[in-house]
Amino acid sequence: MEELDLNEQQRVRRQKLGELQATSRDPYVRRLPWPRTHTAADAIAAHLDGRLVAEEEVGLVGRLMTVRIMGKASFAHIEDGSGRIQIHIRRDRIGEEVYDNFFKKMIDLGDFLAVRGVMFTTRTGEPTCEVRELALIGKTLNPLPDKWHGLRDVETRYRQRYVDLLANPEVREIFVTRARIVKAIRRYLDDNGFLEVETPVLQPIYGGAAARPFITHHNQLDQDLFLRISFELYLKRLLVGGYERVYEIGRDFRNEGISFKHNPEFTQLEWYEAYTDYHGVMRRVEELLVAIARELGRGMTITYNGHTIDLTPPWRRITMREAILQATGIDYQRYPDAASLAAAMAAARLHPEQTASRGKLIDQLFGDHVEPTLIQPTFILDYPVEISPLAKKKADDPTTVERFEYFIGGLELGNAFTELNDPIDQRARFVELREAVAGADENSHPLDEDFLNALCYGMPPTGGFGTGIDRLTMLFADKQSIREVILFPHLRTT
RNA sequence: GGGCGCGUAGCUCAAUAGGCAGAGCAGCGGCCUUUUAAGCCGCGGGUUUAGGGUUCGAUUCCCUACGCGCUCACCA
């Protein structure tokens, strides 16, 4: 079966495996043959600090990554979770039989080894373990990628991320960065009185965003369920319930196109804070990004996509109206409907999309002419009401809501509102939205009556916020594709 | 879904106006006791993504399929 597809190198390794088993050496041991006293990094540090007494043995484990056999002695590097350490293997130390017939013949790059020996420093100054005893603790049957170039093929890197990770240390580093970002977020919110909660991933009605959902089914209940596209409507229920500050970090699922900044499932942070508005949220967002930068030890300056970005608060705040006016000379407030705005855009040779609504046209102006210029951290304030059904209207302008999105490095990172807590207005907005979607089947997306009922019990004045953890990781890891910051990004099955 | 590009040895990459498919690493055999992309000598390894077409001859040109990348569209 599978054996027929093996290449030469795989066959050689399997033959070695068989020979090891034939000589009753277990290639997949149950226990280490001697204790692991140090990680690679600890052994090097202990040696450099003089913490090891003379002839003190260290026990190390790791994957064999390089070998340089020079006759009767060899140098190699083994790698564990802490890094690499060089080992020196002398035939007169470990014995001719072991050196010639085991180490040289049976051990391959990629195998897991246990060694014990004494630390010394080589002529070139590298801390190295002089091996007194060597054992194979895990055999590897596939050859590793090129030791110098690593694994480059993008498709293989994503499909077989385990190979990418073992061959490319800088890829491992991305996911350390990602974990530290999440840790910094939790610490910031926990320290500021936010309660971490978990709300349903499987929802009978989806809402809180515009995306199309994934649909699944509960067999016993014989009920279709949606994978959530947002946490918003559930978290707001919790404010009705009396929690003042809540947050959730979790997975959202959106059945939309895949791109360098979209994966069908992605990790979202949302928080809701009672008794504040979107200005209060802005200050927190600034503080949060500073906290993340501190956790990563970066200072306030980061590099993204060749740009130097200064995270020092306060960030630029500009309304969408003003930003578009500056970029295009068009003040969309002067054009109260889609037709007049489209005419103004056409007059300015800005190619309006013919069938677009006014909100869409504004979005087009913004996306084409403003968004790409938002390199330094910027809050864009005050969005058209028709594309913001969950945000409170401006007191003096019912066509505009108190909403911001924030942008860094040209990336749209997150979204916030002064939350709409007027249940009558909320119902009206949901209805308007549904009517605006031409040809929509009402039954396919009924109003979330329970959410509206919750608002009728009273939600305090609230500022809410959502941001993509994946995109934040792209920013701080300086990666231009979301697939680089998701361990197992979605690909077509082959 | 549309457009453009890419797919060669285990890995990283070459190659041909259409004319025997190559290198480095890795593997195998040999030499080598302070190397670190170790070095030296020798050897093996390919359905050139898959299927079809044109041709005396296709990795190369054409068509189809599959996958990936970029991009557009979609994405309150």
Side-chain angles (χ1 to χ4, degrees), chain A residues 5-13 15-16 65-77 84-94 99 104-105 108-110 120-126 128 130 140-160 163-164 167-168 207-213 229-230 232 252 254-264 266 353 357 359-360 362-364 367-368 383-391 401 403 405 412 415 417 420 429-430 432-434 436-437 445 466 480-481 483 489 491-494:
Chain A
D5 296 334
L6 296 181
N7 64 45
E8 179 195 13
Q9 301 200 34
Q10 290 171 317
R11 283 196 300 270
V12 167
R13 286 178 183 233
Q15 192 180 334
K16 290 174 180 176
M65 297 304 284
T66 67
V67 181
R68 296 168 292 285
I69 295 177
M70 298 165 301
K72 299 180 183 62
S74 301
F75 285 97
H77 281 95
R84 288 188 184 189
I85 187 169
Q86 183 166 255
I87 60 176
H88 188 226
I89 301 152
R90 299 169 52 130
R91 189 165 79 159
D92 57 11
R93 267 283 185 202
I94 67 168
Y99 189 84
K104 280 171 68 173
K105 294 251 192 305
D108 291 301
L109 291 177
F120 74 106
T121 302
T122 64
R123 187 181 290 167
T124 53
E126 179 164 352
T128 299
E130 182 62 60
T140 295
L141 295 182
N142 286 341
L144 264 40
D146 191 284
K147 67 182 174 186
W148 185 245
H149 300 95
L151 179 64
R152 283 289 133 76
D153 182 78
V154 174
E155 184 177 352
T156 308
R157 287 187 48 232
Y158 296 156
R159 285 195 192 280
Q160 297 174 250
V163 184
D164 186 28
N168 300 324
R212 287 184 296 170
I229 59 173
S230 141
E232 176 146 1
D252 273 341
R254 295 186 182 174
N255 205 338
E256 303 288 354
I258 295 171
S259 81
F260 74 96
K261 55 181 176 179
H262 297 91
N263 196 62
F266 63 102
E353 211 182 299
S357 69
K360 272 267 182 251
I362 293 170
D363 207 47
Q364 184 194 337
D368 290 349
Y383 281 63
V385 65
E386 56 262 53
I387 57 172
S388 313
L390 296 158
V401 297
R403 170 184 179 182
E405 293 188 322
E412 178 201 327
N415 186 24
F417 316 133
L420 178 56
R429 300 268 205 101
F430 279 160
E432 279 167 30
L433 184 72
R434 193 167 58 181
V437 182
H445 193 178
Q480 277 69 56
S481 168
R483 297 180 197 89
L491 298 178
R492 271 194 179 82
T493 47
T494 46

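Just so it is clear, the values below take in all heavy atoms, side chains as well, and ignore hydrogens, waters and symmetry mates.
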Between the protein and nucleotides 69-73 of chain B, which nitrogen or oxygen pairs are less than 3.5 angstrom apart?
from: rG69(B); atom 1: OP1; to: R483(A); atom 2: NE; distance (Å): 3.1
from: rC70(B); atom 1: OP2; to: R483(A); atom 2: NH1; distance (Å): 3.4

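- Considering only heavy atoms from C-beta on, L420(A) stays 4.5 Å or farther from L390(A) through its side chain.
- Qualifying ring-ring contact (aromatic ring centres under 6.0 Å, His included) partners for F266(A), counting only residues two or more places apart in sequence or in other chains: none.
- With sequence neighbours excluded, the residues that form a side-chain contact (heavy atoms from CB on, under 4.5 Å) with N263(A) are E265(A), I482(A), I486(A), P489(A), H490(A).
- Listed by chain and number, the residues in a side-chain hydrogen bond (donor to acceptor under 3.5 Å, both in side chains) with R429(A) are D425(A) (sequence neighbours excluded).
- The phosphate of rA38(B) (OP1 or OP2) has a side-chain N or O of R68(A) nearer than 4.0 angstrom.
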Verdict with reasoning, K104(A) to R91(A), per side chain to side chain contact (heavy atoms under 4.5 Å, CB included): CA-CA 10 Å; K104(A) 280 171 68 173; R91(A) 189 165 79 159; over 6 Å; no

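- Residues from residues 84-91 of chain A that place a heavy atom under 4.0 Å from any atom of RNA chain B, listed by number: Q86(A), R90(A).
- For the pair R492(A) CZ and rA65(B) P, the computed distance is 13 Å after rounding to whole Å.
- Residues forming a ring-ring contact (aromatic ring centres under 6.0 Å, His included) with Y99(A) (at least two apart in sequence, or on another chain): F103(A).
- Among the protein residues, E386(A) comes within range of no part of the nucleic acid, since none of its heavy atoms lies under 4.0 Å from any strand.
- OP1 or OP2 of rC68(B) has at least one side-chain nitrogen or oxygen of R159(A) nearer than 4.0 Å.
- A search for side-chain hydrogen bond (donor to acceptor under 3.5 Å, both in side chains) contacts involving R13(A) returns nothing, not counting sequence neighbours.
- Between M65(A) and K147(A), the closest side-chain pair of non-hydrogen atoms is not below 4.5 Å.
- Residues satisfying the side-chain contact (heavy atoms from CB on, under 4.5 Å) test with N168(A), not counting sequence neighbours, are L151(A), R157(A), D164(A), E170(A), V171(A).
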Letter by letter from the 5' end, nucleotides 4-12 of chain B scores (B base, S sugar-phosphate only, - none; protein heavy atoms under 4.0 Å) ------BBS

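- Residues meeting the side-chain contact (heavy atoms from CB on, under 4.5 Å) test with R159(A), sequence neighbours left out: E155(A), L491(A), T494(A).
- As judged by a 4.0 angstrom heavy-atom cut-off over every strand, K16(A) is placed among residues touching the sugar-phosphate backbone only.
- Atom NZ of K105(A) is separated from atom P of rC28(B) by 9 Å (rounded to the nearest Å).
- Pairing of rG22(B), defined by two Watson-Crick or G-U wobble distances under 3.5 Å, is identified with rC13(B).
- E8(A) meets the side-chain contact (heavy atoms from CB on, under 4.5 Å) test with R11(A); sequence neighbours excluded.
- Both distances falling under 3.5 Å, in either a Watson-Crick or a G-U wobble arrangement, place rC4(B) opposite rG69(B).
- Counting any heavy atom pair closer than 4.0 Å across all strands shown, F120(A) reaches a base atom.
- Look at NZ on K72(A): it is 11 Å from P on rU34(B), rounded to the nearest Å.
- Shown here, rU47(B) forms no base pair; nothing in the strands shown gives a Watson-Crick or G-U wobble contact with both key distances under 3.5 Å.
- One can place CG of D108(A) at 15 Å from C1' of rC25(B), the figure rounded to the nearest angstrom.
- Put simply, CD on E412(A) is 15 Å from P on rC74(B), counting in whole angstrom units.
- Nucleic acid contact class of L109(A) (heavy atoms, under 4.0 Å, all strands): sugar-phosphate only.
- Listed pair K360(A) / rC75(B) meets the phosphate criterion, a side-chain N or O lying under 4.0 Å from OP1 or OP2.
- Under the side-chain hydrogen bond (donor to acceptor under 3.5 Å, both in side chains) criterion, E126(A) pairs with H77(A), sequence neighbours left out.
- When rounded to the nearest whole Å, the span between CD of E126(A) and C1' of rU35(B) equals 9 Å.
- Across all strands shown, G208(A) has heavy atoms under 4.0 Å from base atoms, whether or not it also approaches the sugar-phosphate.
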